[in-house]
Participant: 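Before anything else, here's the structure in question.
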Amino acid sequence: MLIKLRQTAIVAEHILSLSSKNPFTRQLYHTTFPPVQSKLRALCSNGQLQEALLEMAVQGLEMKFEGYDTILNECVNRKSLREGQRVHTHMIKTQYLPPLYLRTRLVILYCKCDCLVDARYVFDEMPERNVVSWTAMISGYSQKGFSSEALNLFVQMLRSGTEPNEFTFATVLPSCTGDYGLDYGRQIHSLIVRYNYDSHIFVGSSLLDMYAKARRIHEARTVFDSLIQRDVVSCTAMIAGYAQLGFDEEAVELFRKLLKEGMCSNYVTYASLLTALSGLAALDQGKQVHNHILRHQLPSYVGLLNSIIDMYAKCGNLVYARRVFDSMPERTVISWNAMLVGYCKHGMGSKVIELFKMMRAEGKVRPDRVTFLAVLSGCSHGGMEDTGLEIFDEMVAQKDALEPNIEHYGCVVDLLGRSGRLEQALKFIDEMPFKPTAAIWGSLLGACKVHSNLDVGEYVGRQLLEIEPENAGNYVILSNLYASAGRWEEVRNLRELMKEKAVSKEPGRSWIELDQTLHTFHASDRSHPRKDEVHTKVKELAVRLKEAGYEPDLSCVLHDVEDEQKEKILLGHSEKLALAFGLLSTSDGTPLRVIKNLRICVDCHNFAKIISKLYGRTVSLRDKNRFHHIKGGVCSCGDYW
DNA sequence: TAGAGTTGCA
C-alpha cells in the first residue's frame, strides 16, 4: 500500500514537472493530490487571512513559497490591502527573500489597492524583472490615469532589454492620451507590427480605441477591419469610438450590422449605442433598446441606467428619465448629473435646484464639477440668475471643496449677461483668474443682442472675432446686433471681413424621427424623396405665416444678395424643411420634435413659434445648446438661448 | 512556475 502511494506521488510529481505551464495538468494534479496546505487554502477562501498566517507557521510553511503564494493570491483576489501588508511585513520580519514571482504579486496587490507608491517601491527593489513584472507596474499606472508614468516605464522596459508582449501593448496603449498621445501611439503601433501582434484581439481593441480617442476615426476603423477575429470588446470599442466623436449614424449602423453577423453585446455595448441614439434624439429607437434591456434582464448596472437617463433626457422625455432615476437602487454622481443636465437643457431651473437640494440632503454622493456646471447653467437657462450667482459665491467661499474652473466662470458671465448686467459681466471677465475663451465672449455677445446693447456688444464682438475668426456663427450674431440698430454699413463691413477670412460654416442639418426612421434635411435640400412636397409646403407656410405676423429676419443671412434672395435662403433652412415635413406627415395635433446640429437661428425660432400658434402644435426643437419647447407661440427659452 | 491586458455613461 505504502509503495503504491509512493509510486503515485512520483507519477504526480512527474506530471507536474513535465508540463507545469499547462493549467489542465496543474488542475489534474491538485484535484488528484490535495496539497498539504489544504487547511491554509480553506482559511484563505473564508477570508481568515490573519488565521492563515498563523496556520502557515503550524504547517511549517513559514518562509516557504507555497505558504506566501496561497495567502497573497487570496489578498489579490479580495483586494485586501491590510492583510497583504501583513504578509509583506511577515516576509521582511522573517528575513524571507521573495522570488521574482512573489515580488510581482506584491506589485500587483499594491496596484490593485491603489497604493502605487508601495507598488513602485517593491518594483524598484526587485533584483531582477521580467515582462510580467514590468507589465504589472505599467498597468498600475495606466489604470489609475498616470499616463506619462506608464509611458516612461514602458520606455525604460525597452531600454532594459525586456521584450514587450501582447499584454504589455494592450496595457500601455490606453496611456497614449493627451497632446502627444497620438505620436506615442503611432510609434507603439509600429513596434506592435514589428512584434507581429497587430492582429491580436486585445492589442487590436486597445489600438483602435487609442486612434478613436485621438479623433482618428478612419485609422480606428482600419485597425478594426484588419482584425482577423472580433469580440464584444473590439466591436464595442469601435461603436463607442463612433458615438464619442459624434458619428452617431455610423455607430448605429455598425451596431445593426454586427448584430446581424452574430456579435454578442454587453452592457458597455448598449451604453455606447444609447449615446449614439441620444445624439440623434432617436426616441423610438432608444425606447426599443430600453425595452430590450428590460426584456433580456441585463443586470441593471448603474452605468447602463445612467445612459438610459441621458438618452431619455436628450430625446426630450424627462418624465421617463426621471422614472428611471427614481427607480435606481443606487446612484453615482453621474446619475445625478445626467438628470440635472437633462432639466438644465430644458430650461427647467427650479427642477434643477430642487434636485440639487435633494442630492445635498441625501448626502451619499458628493457634487463634482459637472454637477455645478449643470446647476449654474440650469439657473441661467431657467431664468434664475440670482440663485445661480448665490451658488457660485458658495462655491468660491468653500475653497477646499471644489475650485470653480473656467467653465464655471463662463456660466457666471452667462448669468450676468442674461439678467442684463452687461457692464458687470465685462468687469467680471476682466477680474477672473482665467483668460476668456471664445465661448465666454460668445455668450456675452448673445446677451448684448437680447438686451440691444450695441456699445458693449461691439467691443465683445471684436474680441470674439479676434480669437475665433473662423466661426461663422459669431459674424451672424454681431450682424444681427448691427442690423437691429440699423447700422447697415457695419453689416456690409462684416460681410467683407467674413469673405476675407474665408469663413466656412459647418453645414446645418435638421432631422425628425417618424416611425423609427430619421428624416434628415440639409439647407435647401433636394435629396429627400418627398422634396417637392416639402418645398411647396414651406412656400405655403411662408404665405400663411406672414399673414399671421411672421416677418423674415434678413439679418440672419450674411450673403451679399438681394432681399428677395435672402428670404429664399431663409426658407431653405434645414429646420424649416424638417418642420414642414413633420406637418405633412403627421396628423393634426401631433407634437413635432425636430433636432438641429447647430444653434437655431433667430428667424427659424420665430417661424417655429408662429407654426405652434397657427397649427396648434407643440414644437420641441433641440439645438446644439438646449431644448426649445414651443407652445401657443411662446418658447420655454424666453427667446434667450 | 503560477502572475500582467482591451470597451461605456454627464
Side-chain angles (χ1 to χ4, degrees), chain A residues 16-17 19-23 25-27 29-30 65-66 69-70 72-73 76-77 99-109 111-112 129-140 142-143 164-174 197 200-210 212-213 220 223-224 227 230-241 243-244 251 265-276 278 301-311 313-314 331-342 344-345 367-374 377:
Chain A
L16 190 63
S17 66
S19 179
S20 51
K21 264 188 185 170
N22 183 338
T25 326
R26 288 191 66 81
Q27 180 72 37
Y29 172 81
H30 286 303
F65 176 88
E66 287 79 3
D69 177 38
T70 311
L72 258 188
N73 194 30
V76 172
N77 289 344
L100 171 63
Y101 168 77
L102 283 185
R103 288 179 196 261
T104 308
R105 293 297 276 169
L106 280 171
V107 171
I108 295 162
L109 172 82
C111 285
K112 283 208 170 153
R129 300 182 190 115
N130 64 7
V131 60
V132 182
S133 33
W134 281 101
T135 306
M137 194 63 235
I138 294 170
S139 162
S142 180
Q143 286 184 0
N165 64 12
E166 67 273 34
F167 284 80
T168 325
F169 287 123
T171 307
V172 76
L173 279 168
Y197 286 123
H200 185 277
I201 190 153
F202 279 27
V203 179
S205 306
S206 242
L207 199 55
L208 84 85
D209 184 55
M210 183 276 293
K213 291 215 165 82
V223 174
F224 180 71
L227 289 176
R230 286 172 184 168
D231 68 352
V232 59
V233 176
S234 51
C235 293
T236 305
M238 195 62 238
I239 293 168
Q244 277 158 29
S265 307
N266 65 15
Y267 74 106
V268 185
T269 325
Y270 284 106
S272 309
L273 176 66
L274 284 165
T275 304
S278 305
Y301 291 107
V302 183
L304 187 53
L305 293 174
N306 292 346
S307 298
I308 295 172
I309 295 175
D310 181 53
M311 180 274 293
K314 285 201 177 130
R331 302 183 190 110
T332 62
V333 67
I334 297 176
S335 331
W336 290 92
N337 290 349
M339 201 62 235
L340 286 166
V341 171
C344 163
K345 295 276 179 197
D368 67 1
R369 62 173 194 88
V370 181
T371 317
F372 279 102
L373 222 50
S377 167

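Basis for what follows: all heavy atoms, side chains included, without hydrogens, waters or symmetry-related copies. Sequence lines set the chain letters: A, B, ... in the order given, protein chains first and strands last, and positions in each chain run from 1.
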Participant: Can you sort out the partners of A:K112 under salt bridge (Lys or Arg N to Asp or Glu O under 4.0 Å), two or more places apart, ordered by chain and number?
Facilitator: none

Participant: Categorize A:V341 for me: base, sugar-phosphate, or nothing, with a 4.0 angstrom heavy-atom threshold over every strand shown.
Facilitator: sugar-phosphate

Participant: Would you indicate what A:T236 reaches in the nucleic acid, counting non-hydrogen atoms under 4.0 angstrom: base, sugar-phosphate, or nothing?
Facilitator: base

Participant: Over how many whole Å does the gap from A:L208 atom CG to B:dT6 atom P extend?
Facilitator: 14 Å

Participant: Please work out if A:Q244 contacts a base, only the sugar-phosphate, or nothing of the nucleic acid, heavy-atom cut-off 4.0 Å.
Facilitator: sugar-phosphate

Participant: A:K213 side chain N/O closer than 4.0 Å to the phosphate oxygens (OP1, OP2) of B:dG8?
Facilitator: yes

Participant: Is A:Y267 stacked on the base of B:dG8, with ring centres under 5.5 Å apart and planes under 30° apart?
Facilitator: no

Participant: Out of B:dC9, B:dT6, B:dA2, which nucleotide sits closest to the side chain of A:Y101?
Facilitator: B:dA2

Participant: Can you check whether any acceptor in the base of B:dG3 is under 3.5 Å from a donor in the side chain of A:T104, or vice versa?
Facilitator: yes

Participant: Rounding to an integer number of Å, can you tell me how far A:L100 CG sits from B:dA4 P?
Facilitator: 14 Å

Participant: A:L72 CG to B:dG3 C1': how many Å, rounded?
Facilitator: 11 Å

Participant: Check this one for me: any side-chain N or O of A:Q143 less than 4.0 Å away from OP1 or OP2 of B:dA4?
Facilitator: no

Participant: If you look at every strand shown and take non-hydrogen atoms under 4.0 Å, does A:T135 touch a base, only sugar-phosphate, or nothing?
Facilitator: base

Participant: Will you find, in the side chains of A:S307 and A:D310, an N or O donor that is under 3.5 Å from an N or O acceptor?
Facilitator: no

Participant: Where the side chain of A:N165 is defined as all heavy atoms beyond and including C-beta, which of B:dA4, B:dT7, B:dG3 is the nearest nucleotide?
Facilitator: B:dA4

Participant: Among the nucleotides B:dA10, B:dC9, B:dT6, which one has an atom lying closest to any side-chain atom of A:D368?
Facilitator: B:dA10

Participant: When we call it a touch if two heavy atoms are under 4.0 Å apart, what does A:K345 touch: a base, just sugar-phosphate, or nothing?
Facilitator: nothing

Participant: Select one nucleotide: of B:dG5, B:dG8, B:dC9, the one nearest the side-chain heavy atoms of A:I334.
Facilitator: B:dC9

Participant: Just how far, in rounded Å, is C1' of B:dA10 from CG of A:L274?
Facilitator: 14 Å

Participant: Please state how far atom CE in A:M210 lies from atom C1' in B:dT7, giving the value in whole angstrom units.
Facilitator: 15 Å

Participant: Give me each pair satisfying salt bridge (charged side-chain N to carboxylate O under 4.0 Å, His left out) with a member in residues 265-275 of chain A, each pair once, sequence neighbours excluded.
Facilitator: none

Participant: Would you classify A:S139 as touching base, sugar-phosphate or nothing, given that sugar-phosphate means primed atoms plus P, OP1 and OP2, and contacts are heavy atoms under 4.0 Å?
Facilitator: sugar-phosphate

Participant: Hey, are A:T70 and A:N73 close enough side-chain-wise for a donor-acceptor pair under 3.5 Å?
Facilitator: no

Participant: According to a cutoff of under 5.5 Å between the ring centres and under 30° between the ring planes, does A:W134 stack with the base of B:dA4?
Facilitator: no

Participant: With no angle test and no hydrogens, is the base of B:dT6 tied to the side chain of A:S205 by a donor-acceptor pair under 3.5 Å?
Facilitator: yes

Participant: Roughly how many Å is it from CZ in A:R129 to C1' in B:dA4, rounded to a whole number?
Facilitator: 15 Å

Participant: Please pick, from B:dA10, B:dT6, B:dG3, the nucleotide with the shortest atom-to-atom distance to any side-chain atom of A:I108.
Facilitator: B:dG3

Participant: Under 3.5 Å, is there a donor-acceptor pair between the A:Y101 and A:D69 side chains?
Facilitator: yes

Participant: Whole angstrom is fine here: how far is it from CE in A:M238 over to P in B:dT6?
Facilitator: 19 Å

Participant: Is a side-chain donor-acceptor pair under 3.5 Å present for A:T171 with A:T135?
Facilitator: no

Participant: Identify the heavy atoms of A:D368 and A:N337 that sit nearest to each other, and give their distance.
Facilitator: OD1-ND2, 3.1 Å

Participant: Are the ring of A:F167 and the base ring of B:dA4 both nearer than 5.5 Å at their centres and tilted by less than 30°?
Facilitator: yes

Participant: Nearest to the side chain of A:D69, which nucleotide is it out of B:dG5, B:dA2, B:dG8?
Facilitator: B:dA2

Participant: Which part of the nucleic acid, if any, lies within reach of A:I138 when heavy atoms closer than 4.0 Å are counted: base, sugar-phosphate only, or nothing?
Facilitator: nothing

Participant: Measure CG/A:L109 against P/B:dG3 and give the value in whole Å, please.
Facilitator: 16 Å

Participant: Using a 4.0 Å heavy-atom cut-off, does A:N73 contact any base of the nucleic acid, only the sugar-phosphate backbone, or nothing at all?
Facilitator: nothing

